[in-house]
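Below is one structure, written out as structure tokens; the observations come after it.
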Amino acid sequence: MDCYTANWNPLGDSAFYRKYELYSMDWDLKEELRDCLVAAAPYGGPIALLRNPWRKEKTASMRPVLDIYSASGMPLASLLWKSGPVVSLGWSAEEELLCVQEDGAVLVYGLHGDFRRHFSMGNEVLQNRVLDARIFHTEFGSGVAILTGAHRFTLSANVGDLKLRRMPEVPGLQSAPSCWTTLCQDRVAQILLAVGPDLYLLDHAACSAVTPPGLAPGVSSFLQMAVSFTYRHLALFTDTGYIWMGTASLKEKLCEFNCNIRAPPKQMVWCSRPRSKERAVVVAWERRLMVVGDAPESIQYKQLTIQVLLDRLVLRRLYPLAIQICEYLRLPEVQGVSRILAHWACYKVQQKDVSDEDVARAINQKLGDTPGVSYSDIAARAYGCGRTELAIKLLEYEPRSGEQVPLLLKMKRSKLALSKAIESGDTDLVFTVLLHLKNELNRGDFFMTLRNQPMALSLYRQFCKHQELETLKDLYNQDDNHQELGSFHIRASYAAEERIEGRVAALQTAADAFYKAKNEFAAKATEDQMRLLRLQRRLEDELGGQFLDLSLHDTATTLILGGHNKRAEQLARDFRIPDKRLWWLKLTALADLEDWEELEKFSKSKKSPIGYLPFVEICMKQHNKYEAKKYASRVGPEQKVKALLLVGDVAQAADVAIEHRNEAELSLVLSHCTGATDGATADKIQRARAQAQKK
């Protein structure tokens with residue numbers, strides 16, 4: 001029996017534990033871990049080691065090396081550290097390595113040692129330097145907390161959306177706290193720190209003194225503290241050798257243990273037993289390890305989801321294994337295989353020893369038209385790696401023009417972007433490219449580009465008509481489009497010019513353009529308009545009233561209404577107004593004035609070119625039957641019946657229709673016969689019809 005229990009050690013009064021090796025690490029470390037900065041990612045993630053020569057006396061020429069290993073010690077990356085002194089390392093939830101430098105700069109590396117980005121923790125941190133730092137995880141993401149040389153704290157709760165917060169000052173703090181950690185309570189990141197026998201809690205608004213409930217007396221300093229992974233529990237190690245364990249809110253004590261060791265531990269962390277809710281604290285000294293406590297956890301923790309597992313396999317470039325898992329679990333293609341293939345393609349474009357043609361072909365053969373895969377995203381990664389031509393080749397496989405164009409513009413392939421936008425038929429997309437080209441090219445090159453793209457040119461002209469008239473004129477000039485230039489100056493003479501001189505000048509320019517376009521009709525019409533404008537100005541000066549901007553006909557009508565008949569006749573001669581049109585204008589104007597005497601004189605001035613039926617119609621329109629009858633007798637035979645009916649003389653209209661023996665006229669008169677009044681007339685028409693039929 002002794003052989004089975006020999007390697008078990010007592011833990012308290014009723015439990016035992018044993019330590020055995022699960023597997024050996026594959027690394028071949030040449031340095032002691034104590035001489036390195038070490039960061040291990042959660043959930044069996046990678047381990048980062050950085051030799052830390054800044055803490056020991058070393059040759060200045062020696063540069064540290066950053067090594068990244070898998071959880072089993074397999075090398076993943078190794079790179080010479082060429083930046084400044086590093087204070088702390090830590091892994092983000094996305095398995096990115098955050099390296100916090102003494103100057104407050106944070107450098108971010110990928111799992112395979114590829115540099116991703118960097119950011120700064122602010123000017124105050126830069127000026128006061130970094131004494132200590134923590135990388136922590138919350139539901140918002142991964143955060144960084146900094147203790148500066150001025151003994152002030154600065155933190156960001158999410159490095160993916162960097163917002164720096166300077167925490168309140170701790171009263172009387174003249175040196176670094178003996179220990180500190182980050183907490184997350186009620187969705188707010190906080191700092192818990194120890195100064196001698198006192199604990200302080202910092203949030204964004206205040207610094208509050210806190211006291212752990214049930215703490216053994218005699219404590220003059222807290223030497224170490226640790227918060228559980230879920231921020232639910234807290235452990236404090238005091239200079240009396242006691243370990244206090246309770247809730248992180250410091251409202252409840254779970255237990256307290258006297259370890260009989262007063263030396264500050266090297267490390268203290270929370271851990272859990274497999275398939276158990278129990279929590280314990282592991283405390284490590286130079287040559288001693290201690291497991292303390294029994295703190296039952298009241299909630300079930302969320303484990304790694306399948307999506308996170310797949311993400312981690314992808315980060316390790318284990319694409320076939322990830323695809324097999326997706327197929328085994330029958331995950332939807334967009335969430336599973338498609339996503340993994342897209343990651344594989346983004347990795348493939350980084351293989352610079354393979355030609356652009358071969359990489360593009362390999363990616364297309366593997367991906368094809370797989371749902372959920374965006375070739376534009378893969379092309380963007382290729383462009384980010386400096387492989388512009390590869391990015392262009394990949395974009396040829398992207399079926400959505402709206403996804404092609406933005407990246408082409410970013411790559412300064414604007415002309416190609418314009419062609420793609422035009423192919424799409426999306427006018428909004430074409431306008432987007434045109435405005436980009438306008439800002440990118442000089443005016444001459446821009447116009448030449450438009451000349452080679454008729455659709456784009458047409459759209460840009462429409463834009464200029466509403467937004468940039470001068471640019472529109474320049475376009476017409478460059479194309480020698482004199483017809484459109486003439487139309488442009490016609491519109492400009494009315495829209496932009498207020499002075500008569502300016503308007504006439506613009507019209508003259510328009511006429512010249514029409515002559516160059518060999519459009520003599522438009523040129524002559526424009527010259528006539530110039531003459532009319534000058535005449536209207538003169539009429540206003542001599543007669544008063546409003547003439548400018550009236551049409552030719554309205555100008556003649558206004559003269560007639562004003563009693564200036566001779567000027568109206570002169571206007572008609574000067575502008576070759578046809579006689580019939582002038583008679584209509586004068587007839588209408590005199591009737592509107594109800595100047596019946598002048599109208600009668602006008603009708604007798606010479607034989608009317610429009611006949612006399614219009615006189616009857618106009619008079620009746622003005623409800624003047626008396627005047628209308630004067631002209632009804634003068635109407636020609638072909639319109640006599642209509643004229644007589646207009647003035648209400650049905651009987652005479654019937655006589656004329658019977659005389660003409662015109663069936664249409666007879667029917668027209670008959671339709672006007674009403675009641676007993678016109679009964680005799682209707683009978684007369686019927687008799688005439690009967691006699692006509694006998695013949």
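All figures in this text were calculated on a predicted structure; none of them were measured in a lab.
- Closest heavy-atom contact between P614 and W584: CB-CH2, 3.5 Å.
- Judged as a side chain to side chain contact (heavy atoms under 4.5 Å, CB included), and not counting sequence neighbours, the contacts of P609 are D579, K580, W583.
- At least one side-chain heavy atom of R567 sits under 4.5 Å from a side-chain heavy atom of L543.
- E594 has its side chain out of reach of E627: every pair of non-hydrogen atoms, C-beta onward, lies at least 4.5 Å apart.
- Across all non-hydrogen atoms, the minimal contact from S608 to F615 is OG-CE1, 3.9 Å.
- Residues A362 and K348 come closest through the heavy atom pair CB-CE, 4.3 Å.
- Counting heavy atoms from C-beta on, the side chains of V359 and R387 come closer than 4.5 Å.
- Y375 approaches L394 most closely through the heavy-atom pair CB-O, 3.7 Å.
- Qualifying ring pair (Phe, Tyr, Trp, His ring centres under 6.0 Å) partners for Y383, counting only residues two or more places apart in sequence or in other chains: none.
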Are L367 and Y397 close enough, and set up right, to give a side-chain contact (heavy atoms from CB on, under 4.5 Å), and what steps lead you there? CA-CA 10 Å; L367 271 59; Y397 301 120; over 6 Å; no
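- In terms of heavy-atom proximity, S156 sits nearest to L164 at CB-CD2, 4.1 Å.
- For the residue pair D512/Q508, the side-chain donor-acceptor check at 3.5 Å is satisfied.
- Side-chain contact between S374 and E398: present, with at least one pair of heavy atoms (C-beta onward) separated by less than 4.5 Å.
- With a 4.5 Å cut-off on side-chain heavy atoms, C326 and L310 count as touching.
- Taking 4.5 Å as the limit, some side-chain heavy atom of D595 sits within range of a side-chain heavy atom of E597.
- Looking at every heavy atom in both residues, A391 comes nearest to M411 through CB-SD, 3.6 Å.
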